[in-house]
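Residue numbers start from 1 in every chain, and the chains themselves are labelled A, B, ... in the order their sequence lines are given, proteins ahead of strands.
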Protein chains: 2
Amino acid sequence: MSDLILVVDDDEDIRNLLTFNLQREGYQTIEADDGAIALELVRSHHPSLILLDIMLPRVDGLAVCRELGKDRNTDSIPIIMLTARGDEVDRIVGFELGADDYVVKPFNTRELLLRVKAMLRRRGQSENEDPLLRCHSVCLDPQAHKVTINDKPVELTALQFCLLKDLMSNPGCVRSREELLSSVWDYQFEGYDRTVDTHIKRLRARLGDAADIIETVRGIGYRCKG
Amino acid sequence: MSDLILVVDDDEDIRNLLTFNLQREGYQTIEADDGAIALELVRSHHPSLILLDIMLPRVDGLAVCRELGKDRNTDSIPIIMLTARGDEVDRIVGFELGADDYVVKPFNTRELLLRVKAMLRRRGQSENEDPLLRCHSVCLDPQAHKVTINDKPVELTALQFCLLKDLMSNPGCVRSREELLSSVWDYQFEGYDRTVDTHIKRLRARLGDAADIIETVRGIGYRCKG
DNA sequence: AGTTTTGTGTCATTTGTGTGACAGCTTCTC
DNA sequence: GAGAAGCTGTCACACAAATGACACAAAACT
């Protein structure tokens, strides 16, 4: 479902910083601390994107870049280079190498995350397509963060919205409480099953007459009508 | 929609570097590797800005500058000169030439981009044909940098204007604080979420009765009525 | 019946937002 | 220059809303 990102840097602190932030944004991550391992991991895991430091032991970042560019299986994987000095950049980017973007250290985390997001969206590999979701009289607009029933707006809290969006994104599919907890709530929320029930109740209350688009599947979970 | 920038340099690597960065910032680019071609392209494409190296084959940068300055169709196009040595600058800045700014090689990419941005903003030629943005009683004119409510002018600071423009450019869409920070503030600004709140407050205060076109989406961000 | 599962109401706690205050800056004015 | 005025980013506080946990009622299944 979510994108896998390979983080390559020999500095463990930087890897931790990056993976922490990426995971918080819902990405999966793998790590390498030198270029040779990076190449192996790319071939075995096919990440959706690579964050690549230039200065690496054994095989350096530029070489990794060049190597990946030669292989048809890997040449379309977007690479964001991490570089220590601004003037290194001038020699690197856009040239014979396959780097698609770069960020100069010390980088701003928010900027980096935005670039990652933008890159994945551009490649159309992200789940970032936001069509309107419809189910009977209910219509959910992810961009505007709005829900309407028969074109009449309904007020939902952020959590209710996410919950409904999850259900409507999987019409006809049963979603177990565990699945909902892990997808709607934070990645490591020590949740209590019944919390889901409570929110389903609140969501149904807000949906009023349209509450029946959410079906209870006894013993399993909940389902949005398909 | 976006500005077209002509990049003139005989060094292909530098052209690549510049076009890469400009495109990343959303500009369109065309390239020339000598002065004669540059002049042709200016006349055929009417770019919004020119990045011009001084040392060029055939017709050099200074001559291009002078040439463009003579023609009423081209004399208002801003030119940023790229120059290798500091002492060349003295001749440029004398300004019998039409150069509006200059950057010394090896230049810092971010600095150059900022100058480009600033120049286009100053000339008000940015975002060719910006339509008026309207939302209920509020009308925002990006070119004139003016906002009116029921045709009565409202004083906004630059930041408030940018913020409102961002919101009104995405009517009905929720903009998260992160998105606003990265789009309204500088990319590198290590912002603090609540700063956005403060500016929203100030913006609403200026908007008076029309403040309700900016909706708070709790837990998500802000949205301009669609 | 009994057992399991789900729905609902309540409540303490957490979280998010609006707001005023303030210091550091820049810009303007004299 | 000096001083005033305005803009900006940060913070602390108060208030309102949302959340998560729990108890108990209701429903579904055996």
Does [N] have OP1 or OP2 under 4.0 Å away from a side-chain N or O of [X]?
X       : N       : value
T216(B) : dG16(C) : no
T198(A) : dG20(D) : no
R204(B) : dT19(C) : no
T157(A) : dA18(D) : no
W185(A) : dG20(D) : yes
Y222(A) : dG7(C)  : yes
Y192(B) : dA12(D) : no

Roughly, in whole Å, what's the span from [atom1] in [X] to [atom2] in [N]?
X       : N       : atom1 : atom2 : answer
D197(B) : dA14(D) : CG    : P     : 18 Å
Q160(A) : dG16(C) : CD    : P     : 15 Å
H199(B) : dT19(C) : NE2   : C1'   : 14 Å
K201(B) : dA21(C) : NZ    : P     : 9 Å

Please round to the nearest 0.5 Å and tell me the distance separating atom CD of Q160(A) and atom CZ of R206(A).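 So the gap between those two atoms works out to 4.5 Å.
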Distance criterion of 3.5 Å, no angle test: do you see the side chain of [X] paired donor-to-acceptor with the base of [N]?
X       : N       : result
R202(B) : dG9(D)  : yes
R218(A) : dT4(C)  : yes
R194(B) : dG18(C) : yes

Is the shortest heavy-atom distance from the side chain of E178(B) to the side chain of D193(B) under 4.5 Å?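 They are in contact (side-chain heavy atoms under 4.5 Å apart), so the answer is yes.
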Hey, are the side chains of N170(B) and D166(B) touching, using non-hydrogen atoms and a 4.5 Å cut-off?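 Yes, their side chains come closer than 4.5 Å.
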Sugar-phosphate, base or nothing in reach of I200(B), heavy atoms under 4.0 Å: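 No contact at all - I200(B) keeps every heavy atom at 4.0 Å or more from the nucleic acid.
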Give one of base, sugar-phosphate or nothing for V217(B), where a contact means two heavy atoms less than 4.0 Å apart. sugar-phosphate
